[in-house]
Novice: 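Take a look at the following structure, please.
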2 protein chains.
Amino acid sequence: MSRQRWRTVKEIRIADVAQLAGVSTATVSRVLANPDQVRPKTHALVMEAVRRSGYTPNSTARNLRTRRTMTVLVVAPRLTNPVFAQVLRGVDDELTQNGYGIIVGNLDNRTEREARYVDLALSRQVDGVLLMNGRIPESGKRSMGESGLPMVAMCSAIPGGRVPNVTVQDRAASRKAVEYLAQLGHRKFGYISGVPGTFIEMERFTGFLEGIAAAGFGQEDFVRWEGPFMFSTGVSAAQSFLRLRERPTGIFAACDESAIGFIKTVTTAGVRVPDDVSVIGFDGIEFADYIEPTLTTFQQPLHEIGRAGARTLLRMIQGKMDPAEWDIQLPLRLLERGTTGPAPRPGG
Amino acid sequence: MSRQRWRTVKEIRIADVAQLAGVSTATVSRVLANPDQVRPKTHALVMEAVRRSGYTPNSTARNLRTRRTMTVLVVAPRLTNPVFAQVLRGVDDELTQNGYGIIVGNLDNRTEREARYVDLALSRQVDGVLLMNGRIPESGKRSMGESGLPMVAMCSAIPGGRVPNVTVQDRAASRKAVEYLAQLGHRKFGYISGVPGTFIEMERFTGFLEGIAAAGFGQEDFVRWEGPFMFSTGVSAAQSFLRLRERPTGIFAACDESAIGFIKTVTTAGVRVPDDVSVIGFDGIEFADYIEPTLTTFQQPLHEIGRAGARTLLRMIQGKMDPAEWDIQLPLRLLERGTTGPAPRPGG
DNA sequence: TCGATTTTTGTAATCGATTACATCTTTTTG
DNA sequence: CAAAAAGATGTAATCGATTACAAAAATCGA
C-alpha cells in the first residue's frame, strides 16, 4: 500500500475532446466559454464529446493564460470566533455562486501570521483579497498594499480610503449602548474593549465616550478593560471587576464573547446578572441566544456583511466599481433581552 | 474611479531575474528549488537579483508544469459549528507550515452543495481533500471517489476502507456517557442524535445503546430525538421533552450545541439543570465552558484531529502512506462538570 | 599538462488551456 | 448570381514556470 501512486485516473485534455468531436481545440474552448460564437450543430457535437469523456477544463492552464485564478483570499483574525465564521459564510455564498474559490487565512489573533498569507496570495495570483483583520497585511518581502490587488475590508474598517470598507454603525451603536444603560439608571460603567489601536476599537470606544458624555458623565465614571475579541478578555475583565471596591453596574462589552466570558465569571462568583450588574454585548452571535439569561446585544447582519464585501470585491475585480458604494455601513439592531435591567439601588 | 485597472504593478517574471543576474531562467529556477545544484557564487548572484527585483514565482505557471497546486480542499458540514472551525485551525496550522493553501468548502448542512466543490476541486487540480462531512462528495458529472485524489476523513468516518479516517472513540464515549448517568441514579434516558444515517451518528447511537444495555435497561427506557449537530436540534428535542408525561432525567446529546440548545430551552420553561434533568454533551467546544452551569461533556482533541488529518493527507500526497496509520483514533476526556447530578427522587 | 570525470549552466520542449489572426463557409445584398 | 459581408473554424503563438538533454566549465588523477 505504501509508495502507491494516487493520481491514477488519466486526465482528459481539451485535445482529447477536440479529437473525439472532430474539431480543433479552439472550437472546444469556444463552445465552453463563448457558446454563441459557434454553430449550434458544432456546439451539440462538442458538448456530446465533453459529456462522453467527462472532461473538466484544467484551470491551472487556464489561469496561466488568462491571468485570472478565480480565487480570493479571505483573511480572518480568528476563525473560531463565530462572528468571522458567519461573515465567511456570506462570503462563501456570494463567491462560489460566481465561480470563485476561497483560500482562507486564519491569523489566530497573531499579526505575525499575516506574512505567510501575503506571500501565498501574491504567488498564487489570487484575484482579490477580503480583509477582516482591520489592516493591510504585510510581509518582510512585499506589501500587499503595493501589489495593486483589489481588496475590501469587512467588519473592522481600514481607514485612509485605500480600500472600500463594509462595516456597521459601530460608533452610533456603542453610544446607544451607554445611553440605554444610563436610561436604566446606571451611574457607573464598564467598557470591555477590543484590540487597542485597531480602528474598530477606536470607533466603538469613541461611541462609548460619546454616550458617556451625552448622558452627563465623565472620565471618572467608567472603568475600561482591554483585550482582543475573545471569551478570555471578558474573563479577565470580570476578575478585575470583582476586585473593585466600587463596582460599575452597567457594562458594555465590544463583543459578545467578552460579554459572555464576563457574565460567566461574575455569576460563578455570586454576582447576579442583571440584578447586580447589567451587561450589553456587541455582535449578536448565535450563542448569545443560549446563555441564561439571554444576552442583550447589538445584532450585526453578519451574513449580509460577508455578501456585501464579496459583491464589492467582485465589482472591483471586474473594474466596474461604483464610487458611491466605496464604503458601506449596514444597520444594527439592539436586542433588548435578559442581561440588562434597572440599576440596583445604591447600597441595596 | 470606475473602469479602473487594478493590477497596475508590473509582474516580474523569472526571465527578468535571469537577465538581471546574467544567467538563464533554468539557473534561477534551480537556485530557488534546488540550491545545492548550483555554484555558491551563482547562487548569491541570483539571490541578489531576486531580492532586488522582489520576484515571487508565479505559482500558476509552476502548477501547470509540475502538475501540483500545493492546495487542499477542506469540506466542512457547517463552518459556524465551532467543532469544525476548531479542526480547521489544526488543519491550517499543519498545511500552511508545509506551504499548502486551503480552499474551504462549507456545506451549511446541505448535501446538495457538495457538487460545486467536487467540480471546483477537480478543475482546480487540488492535491488532496480533507472531508469532515462523513461521505465522499458527488456531483452529477464526476465523482470525487473516482478521481483517485488523496482523501482523508476527519471527525465523521467514511467506512469501507476507501479513505483513512481520523476520529475519536465515539462509541466507547457514548457508552460511558450512559453508564455515567446510570451511576448517578438515572433510570430514564434521552438521546439527542446527529444526522441519521451518518456513520458518526451510528457510532454514537450504538455506543448509547451499548450503555443502555450494560446498565440493565432496554428499548423502553429511553427517548430519541433526531436532527443535525445544531443548537436548534437541542431546542426541538427540549420542546418534545417538555410535552412528555414521564420525562427522562438523564440526557445524552451527541453534540454540545444540541446539549446547550436543550438546556436553554428547558431552563426557560422552568426545568432545573441538573436538579431536574442531567445533560451530558459531546465535543468540548469552548462555549460549553461559559454556560451556567458548565456543561458536562466529552472533550475532543479538535485541534489535534485537524493536525493529524492534515499530516495523513500530506503523507498520502507524497505517496508514503504508512498502512499502520490508515485509521487514527484519538482519545476523549470526560469533563465532569455542572450539568449532571444525582437523579431526582421519583415523585420528588 | 592532458584527458576523463564530475559539476554547473544553457537551450528548448513542455504543461493545457486561450485567443489573435488567417482561412474557409455561409449568408446577405444589389 | 456574383461580390461583399458576416460568421465559423483552424493554426499557431502565448502565458511563466520546470526540467530533459546538451554543452560548457571545473575538478581530478596520472
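No hydrogens, no waters, no symmetry mates; every other heavy atom, side chains included, goes into these values. Labels below follow one simple rule: chain letters A, B, ... track the order of the sequence lines, proteins then strands, and each chain is numbered from 1.
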Novice: On DNA chain C, nearest-nucleotide positions of S24(B) versus R65(A): which is more 5'?
Specialist: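 Looking at the nearest nucleotide for each, S24(B) comes out on the 5' side.
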Novice: Whole angstroms only, please: what is the NZ-P distance between K41(A) and dG7(D)?
Specialist: 19 Å
Novice: Grab the CD1-P distance between I12(A) and dC15(C) for me, whole Å please.
Specialist: 16 Å
Novice: dA8(D) C1' sits how many Å from H43(A) NE2, rounded?
Specialist: 14 Å
Novice: Does a side-chain N or O from T27(A) land closer than 4.0 Å to OP1 or OP2 of dG10(D), or not?
Specialist: yes
Novice: Do any N or O atoms from the side chain of T25(B) and from the backbone of A18(B) form a donor-acceptor pair under 3.5 angstrom?
Specialist: no
Novice: State which of dG10(D), dA17(D), dC15(D) makes the closest approach to the side chain of A61(B).
Specialist: dA17(D)
Novice: Under 4.0 Å between a side-chain N/O of S29(A) and OP1 or OP2 of dA17(C), yes or no?
Specialist: no
Novice: In whole angstrom, what separates L32(A)'s CG from dA17(C)'s P?
Specialist: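 Interatomic distance, CG of L32(A) to P of dA17(C): 10 Å.
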Novice: Which donor-acceptor pairs under 3.5 Å do the side chains of residues 148-156 of chain A make with protein atoms, sequence neighbours left out?
Specialist:
none

Novice: Whole-Å distance between dC15(C) P and N63(A) CG?
Specialist: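 Rounding to the nearest Å, CG of N63(A) and P of dC15(C) are 18 Å apart.
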Novice: Heavy-atom nearest nucleotide on DNA chain D for A26(B) versus T60(B): which residue maps closer to 5'?
Specialist: T60(B)
Novice: Would you check if the side chain of T96(A) reaches a backbone N or O of D92(A) as a donor-acceptor pair within less than 3.5 Å?
Specialist: yes
Novice: Provide, to the nearest angstrom, the distance between the CZ atom belonging to R39(B) and the C1' atom belonging to dT9(C).
Specialist: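 Result: 9 Å.
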Novice: May I ask you to evaluate whether R62(B) reaches the phosphate of dT18(D), defined as a side-chain N or O under 4.0 Å from OP1 or OP2?
Specialist: yes
Novice: Please enumerate all residues that pass side-chain hydrogen bond (donor to acceptor under 3.5 Å, both in side chains) together with E114(A), with sequence neighbours excluded.
Specialist: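 For E114(A), the residues satisfying side-chain hydrogen bond (donor to acceptor under 3.5 Å, both in side chains) (neighbours in sequence not counted) are N133(A), R135(A).
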Novice: How long is the line joining CG of L45(A) and P of dG10(D), in whole Å?
Specialist: 10 Å
Novice: Starting from C1' on dA17(D), measure out to CG on N58(B) and report it in whole angstrom.
Specialist: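 So the two atoms are 7 Å apart, to the nearest Å.
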Novice: Out of dG10(D), dA8(D), dT8(C), which has the shortest distance to the side chain of T42(A)?
Specialist: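 So the nucleotide nearest the side chain must be dA8(D).
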Novice: Does R311(A) come within less than 4.0 Å of E325(A), counting only side-chain N to carboxylate O?
Specialist: no
Novice: Assign each of D36(A) and T25(A) to its nearest nucleotide of DNA chain D by heavy atoms, then name whichever residue's nucleotide is nearer the 5' end.
Specialist: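 In this pair, the answer is D36(A).
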